[in-house]
Amino acid sequence: MPLSWNEIKDRALKFSHEWADESSEDAEAKSFLDAFFNVFGVPRKRIATFEKRVKKLDGKDGYIDLLWKGILLIEHKSRGKDLDRAFQQAKDYFPGLKDRDAPRYILVSDFARFRLYDLEEGERHEFTLAEFYKNVRLFGFIAGYQTTSFKEQNPVNIEAAERMGRLHDKLKAIGYEGHSLEVYLVRLLFCLFAEDTSIFERRQFQDLIEQSTAEDGRDLAQWLANLFQVLNAAPDQRLKKLDEQLAAFPYVNGNLFAEQLPIAVFDSGMRQLLLDCCALDWGQISPAIFGSLFQSVMDATLRRNLGAHYTTEKNILKLIKPLFLDELRADFERVKATPKRLVEFHRHLATLKFLDPACGCGNFLVIAYRELRLLELDVLRELHKTRAADFLDVSQIVYVDVDQFYGIEIEEFPAQIAQTALWLMDHQMNLRVSEEFGRYFSRLPLRKSATIVHGNALRIDWRGIIKPEALSYILGNPPFGGKQYQSDEQKQDLAQVFHDVPGAGVLDFVAAWYRNAADYMAGNRAIRTAFVSTNSITQGEQVGVLWPDMLRHGVKIHFAHRTFQWSSEARGKAAVHCVIVGFALHDAAEKRLFDYETPQAEAHEIKAKNINPYLVDAPDAVISNRSVSLSNAPQVLFGSKPTDGGNLILTHEEMKSLIMVEPQASEFIRTYLSAQEFINGIPRYCLWLKGCSPERIRKMPKVLEHVERVKKFRSASTKEATREDASRPSVFAEDRQPSKKFLAIPKTSSERRNYIPIGFMTPDIIVASELFTIEGATLYHFGVLSSAMHMAWVRSVCGRLKSDYRYSAGIVYNNFPWPQAITDKQKQVIEDAAQAVLDARAQFPDSSLADLYDPLTMPEALTKAHHKLDAAVDAAYAKRKFTGDSDRVAFLFELYQQITSPLVSKKVMRQKRAI
């Protein structure tokens with residue numbers, strides 16, 4: 001067991017006094033360094049060697065004064081010698097060392113002065129012999145107290161995954177695979193972490209391999225098997241004549257080494273791979289990434305993209321801080337000045353229980369545990385700030401433990417990894433406590449563990465894992481699974497959970513955890529829950545299916561992060577757009593809404609009166625699909641759909657070629673626009689043979705070839721309706737082309753634009769189904785639909801494709817509350833402003849709508865015209881001035897509720913006139 005810091009300081013003072021007047025003979029230098037290590041209670045002979053011979057770059061032999069492989073190199077000089085030169089001499093030895101033996105630290109000394117270099121962090125510390133006792137904490141890596149600041153994008157994460165991955169591949173190649181291989185690698189990963197985080201002694205695992213196993217690897221597997229047995233056995237249960245190196249390992253327990261595995265086989269290359277793994281500093285890898293690291297080891301395609309499936313701590317904190325941590329931190333600040341209340345608060349921390357019902361490798365649980373332990377450390381620091389040395393057993397003052405954490409995981413080995421990662425984090429936090437109070441604290445052998453259940457969270461009763469009355473919080477990141485990506489089993493699970501909810505088949509898979517959590521919380525209405533989710537469950541049609549059921553359960557949203565990008569900087573990583581929803585079956589006095597200017601931006605917090613299912617500060621309205629407009633607005637329809645295999649559609653080149661061969665075909669060629677062509681001004685065409693007689697078609701052989709290919713394509717379809725359409729191959733399968741001037745609205749548009757580009761079109765332009773059409777629309781309709789008011793509604797209720805707007809008829813347009821009591825004068829003001837927008841566009845005839853509405857290139861004239869239009873539309877809704885989109889959205893939801901409320905709807909309908 002490491003000495004306490006107080007003991008180390010006492011020894012350091014004694015060391016300084018004893019060596020204050022010594023000279024610098026070689027024998028004395030060795031004695032000096034032995035005494036130096038003795039300050040930390042570490043026998044030098046066991047870990048480091050004097051006068052290690054190495055070959056320098058010039059081919060000459062060099063002799064390192066002292067080398068602790070992989071950790072520390074010491075170059076000791078006579079009193080008064082140049083320490084810069086000593087440092088350079090130390091670096092000159094590096095080419096003669098194996099990579100895995102190269103030290104992180106260099107210490108140069110001349111009896112009177114010390115200079116410590118941390119080569120990894122690029123730090124240098126210098127002090128005199130008399131000041132040594134003040135600087136002993138710099139040598140925590142010797143004493144066994146070293147703690148680490150973790151970097152999420154640390155290159156060692158990737159290197160560790162790749163090295164372990166190569167070992168995994170070698171073991172699998174010899175037939176060691178499946179369950180046994182997974183457990184074997186978890187154990188090796190634990191050992192690698194353990195020797196760099198003071199669970200084992202430094203290099204204890206590596207030294208066992210280097211010193212006790214043959215270089216050809218023939219006996220390595222047996223040594224590892226023996227080690228695993230030792231780690232699972234208490235000292236009094238071990239063999240009496242056990243090898244000395246094996247006997248020095250601690251008793252771990254915790255069932256990690258309980259199962260007896262088949263003995264593997266190693267060769268020299270595999271032994272070298274394992275030693276290469278040992279050479280890394282695993283102490284730099286946060287236990288929070290332990291699970292992701294393991295997953296990447298098991299899957300070669302993930303190794304170079306470790307960050308791609310690692311949930312960053314920053315994103316995890318977005319959930320746990322508003323769920324519980326911010327409140328606990330605030331409570332701590334309130335009570336810390338009152339010892340009695342602080343003691344009660346400390347005891348309260350140990351009563352909190354957490355459940356992640358889709359825990360994977362435990363990232364959320366690990367970070368939640370770490371933050372709870374850090375808070376407890378602040379409590380302990382405050383409670384014992386005047387008497388830190390009065391107690392001997394630190395374990396008696398640490399209450400928070402891993403058995404407060406519960407998880408459910410459908411895959412077997414992520415569940416085991418989650419438990420292991422929590423142990424590793426527990427040990428890291430114990431080291432923090434040790435460093436804080438100067439007394440080593442370890443929970444070995446492991447007595448307690450998290451409860452991680454291997455099973456399907458949608459088919460097992462959560463109450464069998466932990467009773468609701470004992471639980472405090474539910475949290476996690478359940479699988480997202482849009483309906484098109486769900487397996488048959490997942491569809492069955494979803495159907496079972498929502499057996500009493502009509503239309504649940506459209507829901508993302510994550511929605512099932514919301515329903516199960518709401519059911520579970522009925523047993524303890526004090527429980528609070530937060531999930532990371534796809535943003536789809538707070539947008540579009542899914543809201544109308546999921547949230548009426550949630551609201552019937554009594555769910556109130558306490559906090560939410562609106563759409564943001566959940567990803568890392570790893571290569572090949574596709575962005576995932578997510579939300580976080582925190583909810584409970586009781587209301588909260590303070591509601592917190594985190595909004596993002598763009599999905600990649602930082603969040604800014606808004607205090608909300610109410611957070612509704614669309615994650616806006618507005619009443620709890622839920623919008624369902626409507627077939628007609630709530631406000632008697634003109635009908636909106638999809639454009640036409642050819643279902644032709646591309647045979648009626650022509651590029652610009654194809655159109656010119658066809659006319660050159662068959663000039664008479666020009667009469668039947670029309671401009672054809674989908675959303676992309678409409679917005680970007682890309683020319684595309686179609687054969688529009690509606691009304692063309694069979695005789696004329698037959699006189700155009702090239703056109704007839706197109707028609708024949710359409711017939712062939714439709715006839716081969718698996719859909720009956722499409723096969724029936726093969727009988728009329730010359731026309732679009734679905735013809736919804738307006739017969740008079742109409743408005744076109746793209747179904748999908750970039751979220752970067754402040755306005756969805758819409759525009760008037762004439763019937764001779766054929767529009768595809770990716771455009772909506774409003775036949776007979778006026779300038780008034782164009783003005784309202786082009787306004788900030790309508791865009792605020794769109795942003796709140798529309799579906800999304802990633803983060804792009806996904807406009808819809810049934811949800812967005814038909815539910816939009818148009819101005820209810822608009823005067824002719826107000827309507828005229830809107831129409832004049834709408835015409836000004838069209839006039840501003842017309843000033844730039846060579847610019848596409850994409851050019852005009854890009855925030856970086858939008859002309860000033862068009863921007864001003866839109867601002868005037870926004871003001872005109874706002875005035876038609878209310879006399880007051882709106883402060884921004886959030887104010888507009890709140891107003892629109894209130895108006896929506898007024899229109900749809902059974903008590904007032906008849907009155908509103910009587911007042912309403914066609915718009």
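Owing to the predicted nature of the structure, the values given are computational and were not obtained by experimental measurement. Heavy-atom basis, side chains included; hydrogens, waters and symmetry copies ignored.
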Are there over 12 heavy-atom neighbours, none belonging to [X], within less than 6.0 Å of that residue's [atom1]?
| X | atom1 | value |
| --- | --- | --- |
| Q260 | CD | no |
| D99 | CG | no |
| R459 | CZ | yes |

Are the side chains of [X] and [Y] in touch, meaning some heavy atoms are under 4.5 Å apart?
| X | Y | value |
| --- | --- | --- |
| R238 | L246 | no |
| K483 | L507 | no |
| Q419 | L365 | no |
| F583 | F531 | yes |
| N477 | C359 | no |
| Q542 | W547 | no |
| F509 | V497 | no |

Salt-bridge contact [X]-[Y] (side-chain N to carboxylate O under 4.0 Å):
| X | Y | result |
| --- | --- | --- |
| R515 | D549 | yes |
| D401 | R447 | no |
| E371 | K321 | no |

What I want to check is whether the side chains of [X] and [Y] have a donor and an acceptor closer together than 3.5 Å.
| X | Y | value |
| --- | --- | --- |
| D426 | Y369 | yes |
| S533 | Y514 | yes |
| Q204 | E195 | no |
| R562 | N535 | no |
| E177 | H168 | no |
| D488 | Q492 | no |

- Test log, rule side chain to side chain contact (heavy atoms under 4.5 Å, CB included), inputs D267 and R271: CA-CA 6 Å; D267 58 23; R271 178 180 179 272; over 6 Å; no
Considering non-hydrogen atoms only, spot the tightest contact between [X] and [Y] and give its length.
| X | Y | value |
| --- | --- | --- |
| R203 | G70 | NH1-N, 4.0 Å |
| A530 | L319 | O-CD1, 3.5 Å |
| A518 | L585 | O-CD1, 3.8 Å |
| I263 | A225 | CG1-CB, 4.2 Å |

- Can you tell me how far the OG atom of S472 sits from the CZ atom of R528, to the nearest 0.5 Å?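 Answer for the OG-CZ pair, S472 versus R528, is 9.0 Å.
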- Query: Quick one: OG1 on T538 to CD1 on I611, what's the gap to the nearest 0.5 Å?
  - Reply: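 CD1 of I611 is found 11.5 Å from OG1 of T538.
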- Query: Within 45° of the axis and under 6.0 Å from the centre of the six-membered ring of Y176, does NZ or CZ of K170 qualify?
  - Reply: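 No, K170 and Y176 do not form such a contact.
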- Centres of the W282 and F193 rings: under 6.0 Å?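 Ring centres of F193 and W282 closer than 6.0 Å.
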- Only one of F205, F257, F249, Y184 forms a ring pair (Phe, Tyr, Trp, His ring centres under 6.0 Å) with F190, so which one is it?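 Exactly one pass, corresponding to F257.
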- Task: Report the C-alpha distance between E313 and K318 in whole Å, list the side-chain angles of each, state the deciding distance to 0.1 Å, and finish with yes or no for salt bridge (charged side-chain N to carboxylate O under 4.0 Å, His left out).
- Result: CA-CA 9 Å; E313 294 184 16; K318 287 179 181 178; over 6 Å; no
- State whether the side chain of Q565 and the backbone N or O of H577 hold a donor-acceptor pair below 3.5 Å, judged by distance alone.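 Not a single qualifying donor-acceptor pair exists.
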